[in-house]
Amino acid sequence: MAGLQQTNSEKILLSWVRQSTRNYPQVNVINFTSSWSDGLAFNALLHSHRPDLFDWNSVASQQSPVQRLDHAFNIARQHLGIEKLLDPEDVATACPDKKSILMYVTSLFQVLPQQVTMEAIREVEMLPRHSRVTREEHIQVHHQQRFSQEVSCFNFLLSPCFSKVVVSLTCPVSL
């Protein structure tokens, strides 16, 4: 269940992103998944620190999500030296991979100004917690619960028969 909680590093990173993109009304980053799928957050983050690199309005209003993502990744590669680690088609989905987004945003964090205010961190802590879990987290929790139930049932069945039993169990978990 630890994977369901937001780490301090994630809070700081999210605070930095929100603080950096505050002046872009079309952008409201609340997570490291769906908030990035339309490409606006990546472009706003870049533009907020390097407005000299491109015209925000032309990117925001005239391009599709895949085009905006491709634009942001190309700008980051050409001007900041960040490799194009993500495919726009993989990000332009309802729920892109959180770890991939975190990795890429962390790369941006390392090369762009990093000042984060306490106000921005407090704001992130006040964001609503999503009860939605990823498919991987759901499968992991399901396997843990099922394994726990199987062990309890196994212990119950054995307890009347044996006073002392040593059991070694392995549980293959495939995600």
Side-chain angles (χ1 to χ4, degrees), residues 1-114 116 120 123-124 127-144 172-175:
M1 295 298 274
L4 299 178
Q5 295 179 351
Q6 197 173 40
T7 66
N8 286 336
S9 298
E10 287 179 35
K11 286 180 186 176
I12 291 169
L13 199 59
L14 188 57
S15 300
W16 174 71
V17 169
R18 289 179 59 82
Q19 183 176 305
S20 298
T21 60
R22 180 167 279 136
N23 295 327
Y24 298 82
Q26 308 97 315
V27 178
N28 182 27
V29 179
I30 59 170
N31 58 40
F32 288 104
T33 55
S34 59
S35 293
W36 300 88
S37 60
D38 64 5
L40 290 173
F42 285 113
N43 280 289
L45 186 56
L46 291 167
H47 191 263
S48 71
H49 294 282
R50 295 290 309 273
D52 58 305
L53 296 180
F54 61 94
D55 177 50
W56 166 256
N57 291 326
S58 67
V59 171
S61 64
Q62 295 180 1
Q63 298 181 350
S64 72
V66 170
Q67 290 171 320
R68 287 191 294 261
L69 288 160
D70 194 50
H71 176 266
F73 300 155
N74 285 330
I75 291 289
R77 188 185 73 237
Q78 293 168 1
H79 298 281
L80 303 175
I82 297 174
E83 288 302 314
K84 194 173 178 180
L85 304 170
L86 303 174
D87 290 324
E89 295 80 10
D90 293 337
V91 179
T93 64
C95 193
D97 181 61
K98 179 181 179 179
K99 289 179 183 176
S100 298
I101 302 294
L102 273 168
M103 177 185 62
Y104 194 81
V105 174
T106 299
S107 298
L108 292 171
F109 183 76
Q110 291 172 342
V111 299
L112 294 171
Q114 304 171 356
V116 180
E123 181 181 282
V124 164
L127 287 174
R129 299 278 183 240
H130 291 283
S131 59
R132 225 172 58 185
V133 295
T134 66
R135 181 178 179 273
E136 291 82 11
E137 291 168 335
H138 174 74
I139 290 170
Q140 182 181 12
V141 169
H142 175 73
H143 281 291
Q144 288 172 348
V173 177
S174 60
L175 298 178

Does the side chain of L14 come within less than 4.5 Å of L127's, by heavy atoms?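 Result yes, sub-4.5 Å side-chain heavy-atom pair found.
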Is the shortest side-chain heavy-atom distance between L45 and L108 below 4.5 Å?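 Yes, side chains in contact.
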side-chain contact (heavy atoms from CB on, under 4.5 Å) between Y104 and V91: does it pass, once the steps are laid out? CA-CA 11 Å; Y104 194 81; V91 179; over 6 Å; no
Would you compute the distance between atom [atom1] of [X] and atom [atom2] of [Y] and round it to the nearest 0.5 angstrom?
X    : Y    : atom1 : atom2 : value
S48  : R22  : OG    : CZ    : 11.5 Å
L69  : N74  : CG    : CG    : 11.0 Å
L40  : Q63  : CG    : CD    : 10.0 Å
L102 : L13  : CG    : CG    : 6.5 Å
H47  : S20  : NE2   : OG    : 13.0 Å
F32  : I101 : CZ    : CD1   : 9.5 Å

Please enumerate all residues that pass side-chain hydrogen bond (donor to acceptor under 3.5 Å, both in side chains) together with N28, with sequence neighbours excluded.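 For N28, the residues satisfying side-chain hydrogen bond (donor to acceptor under 3.5 Å, both in side chains) (neighbours in sequence not counted) are R18.
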Parallel, tilted or perpendicular: ring planes of W36 versus F42, cut at 30 and 60 degrees: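 Tilted, since the angle between the ring planes falls between 30° and 60°.
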Strictly by side-chain hydrogen bond (donor to acceptor under 3.5 Å, both in side chains), give each pair with a member in residues 86-95 just once, sequence neighbours left out.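 Applying side-chain hydrogen bond (donor to acceptor under 3.5 Å, both in side chains) to every pair that reaches into residues 86-95, excluding sequence neighbours, yields nothing.
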Which heavy-atom pair separates A92 from P65 by the least distance, and what is that distance?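 It is CB-CB, 4.3 Å.
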Mind listing the closest non-hydrogen atom pair of Q26 and A60 along with its distance?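 Answer, listing the atom of Q26 first, then A60: NE2-CB, 3.9 Å.
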Do the side chain of N43 and the main chain of H71 share a donor and acceptor less than 3.5 angstrom apart?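 No, the answer is negative, given that no donor and acceptor are paired below the 3.5 Å cut-off.
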Using modelled atom types and a 3.5 Å cut-off, is there a donor and acceptor pairing between side-chain atoms of S64 and backbone atoms of Q67?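 Yes, S64 side chain to Q67 backbone: donor-acceptor pair under 3.5 Å.
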Test of understanding: with ring-ring contact (aromatic ring centres under 6.0 Å, His included), list the residues that count as partners of H49, not counting sequence neighbours.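 Result, ring-ring contact (aromatic ring centres under 6.0 Å, His included) vs H49: W16.
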Is it the case that more than 12 heavy atoms not belonging to K84 sit under 6.0 Å from its NZ atom?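 Atom NZ in K84 is packed in, count exceeds 12.
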Under 3.5 Å, is there a donor-acceptor pair linking the side chains of N31 and S35?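 Result is yes, a qualifying pair exists.
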Start with the C-alpha gap between V111 and I82, add the side-chain angles, then the distance that decides, and say whether side-chain contact (heavy atoms from CB on, under 4.5 Å) holds. CA-CA 9 Å; V111 299; I82 297 174; 3.6 Å; yes
Quick test of your reading of the model: are R50 and D52 salt-bridged, counting only N-O distances below 4.0 Å?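 D52 and R50: salt-bridged.
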